[in-house]
Amino acid sequence: MKAATWTGVNEVSVEEVPEPTLLNDHDVILKVAQSVTCGSDLHLLGGYIPFMRAGDVLGHEFIGEIVEAGSAVRHRKVGDRVVGAPFAACGNCWYCKQEEYSLCDNGNANPGITEGLWGQSPGGCLGYSHAMGGYAGSHAEYIRVPYADVGTFVVPEGISDTRALFASDAASTGWMGADLAGTKPGDVVAVWGAGGVGQMAARAAMLLGAEQVFVVDRVPERLQQVREHVGAEAIDYSSTDVLAELRERTGGRGPDVCIEAVGMEAHSSGAAGVYDQVKQQLRLQTDRPTALREAVMACRKGGSIFTLGVFAAMVDKFPLGALMNKGITMRGAQVHAQRYIPELLERMEQGELTTEHLATHVMPLSEAPRGYQMFKDKEDGCVRAVFTPGS
Amino acid sequence: MPLSDILARAAGLASEAGSGALKQLQHVRLPGVGQASATDDPETAARRWRAVTVLTDPEQLQAGTPEPLTRFGDRLEIRVTPAPGERGAELAARFRDRVGEDQLGELRSALREAKQRIETGEVLRNEPQPHGHRAQTPQGKVLDGMDERASKEGVL
Ligand SMILES: NC(=O)c1ccc[n+]([C@@H]2O[C@H](COP(=O)([O-])OP(=O)(O)OC[C@H]3O[C@@H](n4cnc5c(N)ncnc54)[C@H](O)[C@@H]3O)[C@@H](O)[C@H]2O)c1
Ligand SMILES: [Zn+2]
Ligand SMILES: [Zn+2]
């Protein structure tokens, strides 16, 4: 079959690979209808998560049809149209029982690598490097999904593929950020990053009752989407001082909830930007935490911060003093998609949550290298490149 | 594997100079991060109990040694205690004799498998899987090696 693979730093190829087979009794094989680029893939592409092997199949946000099911699969059957969760989660361990699915004890077949890096191993993510389990991803005609009863969700007929697709990751990640940061009616929420994840976090905050929602970015097409499709206020950090702007617009308090949806390749200008770039390139720091630093400084006293952006290891110049003295709560997580997908599909069916605008560029799988290039460079207003392996 | 080695290997994939600089920086050890124990002497480290917490009834686990730990026969001491906060049972094991890193790796991997079999009924596999053409590169070899050892390493 055809698949889009990582073949080197900033190099994606489309090549012929063997088809997946059922490896465990809880597996299904899915015929992929749509599979989409995620900001997390850019960290892999850029070589910031150096556990990719040439030839590894990319992709972890997908929708398709079940064509084969293992003998222990009880609640899914051949022919079901399902959206998949990025993380493999068993549904039976203590973490899964707490609905912290991305922390599943039994989801990463290579736990030693991340235990080495982080002290404990979170779960495994499809198409996301050998550190996260070494699973083949969804940018392919077929994908194997482990623990299918837990990790796949039947899509109601009324929802289009392109809308449901984003329940997989962008929407469930955004929702998780707003939810676990404790967003409640009346809150002021600021989101850093207007990619798919940031936009969905802002939308979630609004649906959870936030009174005022800001999204910070500098890409004009994305800020326009924030105004038009999300209904939040856009702040262009390239033309204004974000901290001053937020203070001015929140009665001097700062946002109650700050959601970071940028990650370890954050852009910044001036001396601080150069400092972070150089340190990252020399591997003296692995991650650039520009937006996170800003969130800590912006957040109101006693407020909360949620880190959705992916970080791999170490950051430098983190304002811990501000965090501690202002009594801020900070959390982060990889997506517990299994916890949110059912509710998101309901809201999608009712038309409360729309995602189609994120799919700015839809193309056949054979054009994946061009799709990633456009996504990375934000060319032609690209927010997400969606591949259609079936066509 | 110590964190500094992982990061240095990672850095080595991108920049030799960077990895040198990083190693210098990393002589300031982060205690306990990335390895079973950072400051124990090898003998003490080898004698520590390796443990997993299994979401199951402790009494059931006490009834008999779970697969695949049985394959070590009586070379292991095994201890099962209830975990606090309704988290199930703590399953711990250690070798009676002095052993090397290879056998400790086998034990870690067996403990993880035992837990998985009890909680999910099977052991999750990730091979063979679709992948594209792979050239034989030194970096690829390092990663293949890490992959192979990944169930035997870590902090247990
Ligand atoms: N926690 C999870 O499970 C999870 C899931 C999906 C994605 N992610 C992560 O979330 C982050 C965002 O994902 P995405 O798909 O939306 O990525 P994306 O690359 O499409 O969007 C990132 C946005 O951040 C903006 N940005 C860069 N520097 C900034 C700064 N200093 N201040 C404000 N905005 C800035 C960019 O212009 C871009 O629009 C990534 O780090 C990704 O890895 C995490
Ligand atoms: Zn993602
Ligand atoms: Zn689990």
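Just so we're clear, the structure is a prediction, and the values are computed from it rather than from any experiment. Here is how names work: the chains are called A, B, and so on, in the same order as the sequence lines, proteins then strands, and each is numbered from 1.
Using a 4.5 Å cut-off between heavy atoms, B/V123 contacts chain A through its backbone alone, with no side-chain atom that close. At a 4.5 Å heavy-atom cutoff, the contact between B/A135 and chain A is made by backbone atoms alone. Of the atoms belonging to A/E19, it is backbone heavy atoms, and not side-chain ones, that fall under 4.5 Å from chain B. For A/M52, the part lying under 4.5 angstrom from a heavy atom of chain B is the backbone only. For A/R53, the parts lying near chain B are the backbone and the side chain together; criterion is any non-hydrogen pair under 4.5 Å. Using a 4.5 Å cut-off between heavy atoms, B/E127 touches chain A through its backbone atoms (N, CA, C, O) alone. With a 4.5 angstrom heavy-atom cutoff, A/P111 touches chain B via backbone and side-chain atoms both. Neither the backbone nor the side chain of A/Y142 comes within contact range of chain B; no heavy atom of the residue lies under 4.5 Å from a heavy atom of that chain.
Side-chain contact annotation: B/H131 with A/D56, donor-acceptor N/O pair under 3.5 Å absent. With hydrogens and angles left out, the side-chain atoms of A/H26 and B/E122 include a donor and acceptor closer than 3.5 Å.
Atom-to-atom distance recorded for A/C93:SG and B/I118:CD1 is 13.5 Å, nearest 0.5 angstrom. The CG atom of A/N106 sits 12.5 Å away from the CZ atom of B/R117 when rounded to the nearest 0.5 Å. From A/W94, atom CH2 reaches atom OG1 of B/T53 across 10.0 Å, with rounding to the nearest 0.5 Å.
B/E153 contributes no side-chain N or O that, together with a main-chain N or O of A/G116, makes up a donor-acceptor pair within less than 3.5 Å. In this structure a side-chain-to-backbone donor-acceptor pair under 3.5 Å is missing from B/R134 to A/G55.
Between A/L23 and B/P128 the shortest side-chain heavy-atom distance falls below 4.5 Å. The shortest distance between side-chain heavy atoms of A/Y147 and B/L124 falls below 4.5 Å. Looking at heavy atoms from C-beta onward, B/N126 lies in side-chain contact with A/N110 at the 4.5 angstrom threshold. Inter-residue side-chain proximity for B/Q129 and A/P20 is flagged as unmet; no heavy-atom pair is nearer than 4.5 Å.
Among the candidates A/A109, A/G124, A/A312, the residue making the largest number of heavy-atom pairs closer than 4.5 Å to chain B is A/A109. When each of B/R112, B/K152, B/E148 is checked for heavy-atom pairs under 4.5 Å with chain A, B/R112 comes out on top.
Under the 4.0 Å criterion applied to side-chain N and carboxylate O atoms, A/K97 and B/E119 are not assigned as salt-bridge partners. Salt-bridge formation is not detected for the pair B/R125/A/D27: no Lys NZ or Arg NE/NH1/NH2 atom is positioned less than 4.0 Å from an Asp or Glu carboxylate oxygen.
Across every non-hydrogen atom of A/V17 and B/P130, the tightest pair is CG2-CB, 3.8 Å.
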Review item, side-chain donor-acceptor pairs of residues 62-72 of chain A, under 3.5 Å, at least two apart:
none

